[in-house]
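Values reported hereafter were calculated over all heavy atoms of this structure, with side chains retained and with hydrogens, waters and symmetry mates removed. Throughout, protein chains are lettered first and strands after them, A, B, ... in sequence-line order, and every chain is numbered starting at 1.
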Amino acid sequence: MILAWAKKKWSWLAVAALIIFLALVPFKWFLGQYTSIMIFVGISTMITVGLCMLMGYTGQVSLGQAAFYGLGAYFSAVLSKTHGLNPWLAMVIAAIATGTFAYIIGYPIFRLRGNYLAMATLGIGLIMWTLFNQMVQFTGGPDGMSGIPYLSIGGFSFDTSFKRYFLVWFFCLAILFLSQNIVRSRTGRALRAIHGNEAAAESLGINVTQFKVKIFVLSAVYASLAGSLFAHHLRHVSPQSFDFLASVKLVVMAVIGGLASIWGAIFGAGTTRFLSDEVLLGFNKFPQLDIIIYGLILMLVMILMPEGLFVAIKSGTMWLKINWRDLPAIMKRMKKDFPEQVKYFLSRLPLARLWRKTEP
Amino acid sequence: MSADQFVQYLMSGLTQGSIYALIGLGFTIIYSVTQIINFAQGEFVMLGGMLSYVLAVEAGLPVPLALIIAILIAAGVGALMYILAIRTARRASVISLIIITIGAAIFIRGIAGNQFGVNAVSPTPFTGRGSISFLGAYIEPQALWIIGITFLVTILLYLFLSHTMVGKALRACAVNPEAASLVGINTKAMALIAFIIAAAIGGIGGVVIAPMAMASYGMGVMLGLKGFVAAAVGGFMSPIATVIGGIMLGIIESLAVGFNWGPFTSAYKDVIALVVLLLILLIRSGKLAAAERAA
């Protein structure tokens, strides 16, 4: 009875379990030592979700997403520190300004497709990075700016990592739920139609450019909010966080999580963050290892499982869950009924050459 | 700006533009044969530059030998990239191919940073560091090497494409890959050749620019982007237009910095190139989109 109910509602149970897990992470007796990394995972997830909606659902590339992240961070930093505005107000203004900027550049840019769009967004990312570096009187130049105030509600200041963890993940989960609803709505279906075939979508009365720009603006606003949280968390912003590699890192996160997967973004951001901040830190003697591994991940995932690692693991385990009892029988029948095809399939596997000697 | 200064900036623009032209040629060759934009194109330039320093200065090889080995290694990396990453994913979508070549780019960059260090290096110029006076401007001999070699590469490439069997086969693939394979042209081999030529040209660019502008493991992105601008002028199909586009971009950049007017200071030099890129893309968007659909 309970089991049947659980089977029916398993996706909600999974989300509930995730939220309980996330709520427990910052406590010392659980995974307290990872609080600060998990804050960054939350921030990265927010941007990655936007990128997933843009790349996976709408089929449009952005190689300059770090530009919007940086705009959010710098707007927040300049308004709240230099001009002494309330940090919350600064955050809202930053989001509106970044969204407006994305809207203005969105219309001309989305006249471009595929490769040209990718290069144009890459170019915008590099322009913003150059401006962050060069507009020293506003941004502090390459050294960046420090002393950005913490966010606070009334007298309650988010002045410890423990408090900010909950703040960041509140925003992050809100964005995840919002995105899930958008993807499942009429808009989401329109986006998938655009991804499938633009001409067909247009003929069904979908305003293709308008939808692309809308999602672009949405992803920019997500990135801007993430940037504001980043600025008020670290209290220091500098251009290095928003360079070309930052944009590529975001693509890595989206690719690991699965381009068309909302909840995969947490997995992608988490894997990438832990890889660079925990696992690879031990390899001091092998500099640049993180970049090398990101490059490998991008190539391997796109060649072997273009839907993304998370989706591949998910569908793989689903298939096994359904079929594991019958696996030997299935293999036997396949070998009997389609000997040629099985042989061909086995020979096409990447490591086929190794076992061909033992099993002709 | 006096006339002397004008010539000075013009010459430095011509030098810089020659490099953009070489990188742009790489984009054009690969795109016309395979319809792939190779986002790793700038990394071949970086490899050429870094390797020429490592081989000539650190390993102490004679300079001409070091340069040739550097170019050959860059070409080899191009071949490996095609065989390992591109050919295994031939049916991939445009997005997948973009991500794959970006992955290859940062992979190459990471390996270079790991092996050669992250500091900028400056190999010795081919023929000394003096300067030659020309119409009131002072020109480094290396600049003449750069312009001369770009000219030579362009001519050789033209002769190769128009007068050899392989070159004609490459052009056939560019016009119509299916028809080309019907008349017995091995399109996969042609794609491999395109990657090798593009990587070699990139390597040549790196080898000649490094003594003047220094080389570092992270130089690839910006140079690749500027080469892309050059290739966009030619619609990724015309080598001649690509060379003209690259040289124009170099001169625009250099003169804009030279006028030193308003926002056009040297700090924003790269921004100028990027704005030119966006303008070209937007002006040509209709034509480029049509080419994309036809491909």
Give a yes or no on whether B/Glu178 atom CD has more than 12 heavy-atom contacts from other residues, nucleotides or ligands under 6.0 Å away.
-> no
Side chain, backbone, both or neither: which part of [X] has an atom under 4.5 Å from a heavy atom of chain B?
X	answer
A/Met128	neither
A/Tyr294	both
A/Val301	neither
A/Leu63	side chain

Identify the two heavy atoms, one from [X] and one from [Y], that lie closest to each other, and give their separation to 0.1 Å.
X	Y	answer
A/Thr58	A/Ile194	O-CG2, 4.0 Å
A/Ser219	A/Leu54	OG-CD2, 4.2 Å
A/Leu112	B/Leu281	CD2-O, 3.5 Å
B/Ala231	B/Thr28	CB-OG1, 3.7 Å

Specify which of A/Ile292, A/Ile293, A/Ile109 makes the most heavy-atom pairs with chain B at under 4.5 Å.
->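 Counting heavy-atom pairs under 4.5 Å, the top option is A/Ile292.
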Using a cut-off of under 4.5 Å on heavy-atom pairs, state which of A/Leu300, A/Val61, A/Leu126, A/Val252 scores highest against chain B.
-> A/Leu126
Which residue, A/Phe68, A/Trp129, A/Tyr69, forms the ring pair (Phe, Tyr, Trp, His ring centres under 6.0 Å) with A/Phe242?
-> A/Tyr69
Heavy-atom distances under 4.5 Å only: say whether [X] touches chain A with side chain, backbone, both or neither.
X	result
B/Leu278	side chain
B/Val118	side chain
B/Leu84	backbone
B/Ile111	both
B/Ile37	both

Taking the six-membered ring for Trp, are the ring centroids of A/Phe216 and A/Phe110 within less than 6.0 Å of each other?
-> yes
In terms of the angle between their ring planes, are B/Phe27 and B/Phe236 parallel, tilted or perpendicular, with boundaries placed at 30° and 60°?
-> perpendicular
Among B/Val271, B/Leu277, B/Thr101, B/Val221, residue most engaged with chain A (heavy-atom pairs, under 4.5 Å) | B/Val221
